[in-house]
Amino acid sequence: MTRRVFLPAAAAAGMGGALGAVPVKRSVIEMRTIKLRNSGDEQRQRTTDFLRQSAMPALLKAGARPLAYFAGSIAADTPFLITLTTYPSLSAMEEIREKLTADKDYQTALVAYNTAPGIGYQRIDSSLLRCFDKVPTLLVPPSDAKRPSRIFELRTYESNNATTLRRKIQMFNDSEIGIFERLGMQPVFFGETLVGQNMPSLTYMLAFDDLAAREKAWRAFGADPEWQTLRAKPGLSDAEIVSNISNSILQPLPFSPLK
């Protein structure tokens with residue numbers, strides 16, 4: 001199985017381990033989708049520069065981690081950027097936001113970004129996700145300067161109601177994530193939507209070396225005997241517990257810690 005760096009959100013930078021080695025409190029991930037428009041305002045460059053130069057350093061200084069930044073590659077409603085910010089708890093999220101409010105350098109940069117000519121973005125959608133028991137925080141696959149950037153697949157499963165969503169989450173915790181790992185599909189995070197659109201729902205992310213590796217892995221998953229047996233169990237078929245699936249292929253921004 002491919003090794004990954006495991007970074008509990010409450011830990012300082014550099015602390016690591018293996019998936020599931022030490023039980024930790026389930027982190028909260030804030031996922032923001034920054035909707036852009038191709039225009040003379042240069043929204044993508046302007047917003048990317050702000051994230052790289054100001055937002056990410058301020059969040060790290062305030063104690064939020066791991067962080068990740070992406071652009072839509074193969075997806076509906078492009079262009080857009082996605083940011084992932086991990087907090088050890090909802091109370092920690094509030095404390096970190098208060099630190100950002102008190103950070104004079106960050107607030108000065110924010111005002112400059114917002115008052116520059118034109119507009120930096122169209123709208124921002126935000127979701128709060130509670131990580132699953134099996135993957136209690138965001139995982140950062142190992143990388144180095146020589147390694148090409150991976151692609152990342154973001155998938156959202158909507159469910160009929162809270163009961164069927166709970167069944168699907170348990171299905172992931174008990175078996176499905178393990179199948180992903182066995183087949184070389186690299187989990188990044190799995191989260192239940194606490195606040196967001198189209199609830200009840202869950203969202204997860206997988207990393208792949210490239211599109212060809214993704215296609216090969218999903219073919220293997222579809223044909224896997226364990227998966228075929230699992231999905232055939234009464235109450236666990238997609239028709240019973242999943243009402244809609246959407247997915248996007250994302251490319252990490254050059255400065256993203258997750259790439």
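As the structure is a computational prediction, the values presented were derived from the model and not from experiment.
Residue I34 is not grouped with residue V111 when hydrophobic side chains (ILVMFWY) are merged at heavy-atom distances under 4.5 angstrom, including chains of intermediate members. Note on M199: it does not cluster hydrophobically with M31, by side-chain heavy-atom contacts below 4.5 Å among ILVMFWY residues. Residue I124 is grouped with residue L194 when hydrophobic side chains (ILVMFWY) are merged at heavy-atom distances under 4.5 angstrom, including chains of intermediate members.
The two residues Q43 and I119 have their closest heavy-atom pair at CG-O, 3.2 Å. Taking both residues in full, the closest heavy atoms of P252 and L258 are given as CB-O, 3.5 Å, listed atom of the first, atom of the second, then distance. Between N160 and A239, the shortest heavy-atom contact is ND2-O, 4.5 Å. Contact record, A207 with P141: CB-CG, 4.3 Å, taken as the closest heavy-atom pair. Nearest heavy-atom pair, S159 versus I241, reported as atom, atom and distance to 0.1 Å: OG-O, 2.6 Å.
Checking side-chain atoms of S248 against main-chain N and O of A75 turns up no donor-acceptor pair under 3.5 Å. For Q228 (side chain) and G222 (main-chain N/O), a donor-acceptor pair under 3.5 Å exists by modelled atom type. The main-chain N or O of M171 is never found under 3.5 Å from a side-chain atom of S175 such that the two would form a donor-acceptor pair. Without hydrogens or angle criteria, R167 side chain to G235 main chain gives a donor-acceptor distance under 3.5 Å. In this structure a side-chain-to-backbone donor-acceptor pair under 3.5 Å is missing from S256 to K259. Looking at R44, its side chain never comes within 3.5 Å of a backbone N or O of N38 through a donor-acceptor pair. Using a distance-only test at 3.5 Å, with no hydrogens or angles considered, a donor-acceptor pair links the side chain of R130 to the main chain of R26. Distance alone, capped at 3.5 Å, is enough to place a donor-acceptor pair between the T101 side chain and the R97 backbone.
Interatomic distance, CD of E192 versus CG of L202, reported as 8.0 Å (0.5 Å rounding). Atom OG1 of T85 sits about 11.5 Å away from atom CZ of R65, to the nearest 0.5 Å. To the nearest 0.5 Å, the span separating CG on L84 from CG on L154 amounts to 7.5 Å. Rounding to the nearest 0.5 Å places CD of E158 at 10.5 Å from CG of L165. Of the inter-residue distances, the one linking L206 atom CG with F189 atom CZ reads 9.5 Å to the nearest 0.5 angstrom. With rounding to the nearest 0.5 Å, the separation of CD1 in I169 from NZ in K134 is 15.5 Å.
Open room surrounds OH on Y121; 12 or fewer heavy atoms of other groups in view lie less than 6.0 Å from it. No more than 12 heavy-atom neighbours from other residues, nucleotides or ligands sit within 6.0 angstrom of CG on D77.
Using bins of under 30°, 30° to 60° and over 60° for the plane-to-plane angle, the ring pair W218/F180 lands in the perpendicular bin.
With contacts defined as side-chain heavy-atom distances shorter than 4.5 Å, the pair L100/L59 qualifies. F190 places none of its side-chain heavy atoms less than 4.5 Å from the side chain of N173. Side-chain contact between S54 and L110 is absent, with no heavy-atom pair separated by less than 4.5 Å. When side chains are defined from C-beta on, S89 counts as touching K25, because their heavy atoms get closer than 4.5 Å.
Between the side chains of Q107 and D103, no donor N or O sits under 3.5 Å from an acceptor N or O. Using modelled atom types and a 3.5 Å distance limit, the side chains of T164 and E240 yield no donor-acceptor pair.
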Pair D49-Q53, side chain to side chain donor-acceptor pair (under 3.5 Å): steps then yes or no: CA-CA 6 Å; D49 288 345; Q53 296 169 2; 4.5 Å; no
Applying side chain to side chain contact (heavy atoms under 4.5 Å, CB included), run through M185 and F208 and close with a yes or a no. CA-CA 7 Å; M185 304 162 82; F208 302 93; 4.0 Å; yes
Apply the test side chain to side chain contact (heavy atoms under 4.5 Å, CB included) to residues Y69 and L81: give CA-CA distance (whole Å), side-chain angles for both, the deciding distance (0.1 Å), then the verdict. CA-CA 7 Å; Y69 300 88; L81 303 176; over 6 Å; no
Could you give me the CA-CA distance, side-chain angles and deciding distance for V135 and F172, then say whether side chain to side chain contact (heavy atoms under 4.5 Å, CB included) is met? CA-CA 10 Å; V135 183; F172 271 113; over 6 Å; no
Apply side chain to side chain contact (heavy atoms under 4.5 Å, CB included) to the pair T156 and N198, showing each step before the final yes or no. CA-CA 10 Å; T156 296; N198 301 323; over 6 Å; no
Pair S127-Q197, side chain to side chain donor-acceptor pair (under 3.5 Å): steps then yes or no: CA-CA 7 Å; S127 298; Q197 297 181 334; over 6 Å; no
For S201 and T193, run side chain to side chain donor-acceptor pair (under 3.5 Å): C-alpha distance rounded to whole Å, both residues' side-chain angles, the deciding distance at 0.1 Å, then the answer. CA-CA 6 Å; S201 65; T193 307; 2.8 Å; yes
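The residues R147 and D209 are annotated as salt-bridged, a charged nitrogen and a carboxylate oxygen being separated by less than 4.0 angstrom. Residues E226 and R182 are paired through a salt bridge, judged by an N-O separation under 4.0 Å between the basic side chain and the carboxylate.
Checked against the 6.0 Å centroid criterion, the rings of Y157 and Y204 qualify as a close aromatic pair.
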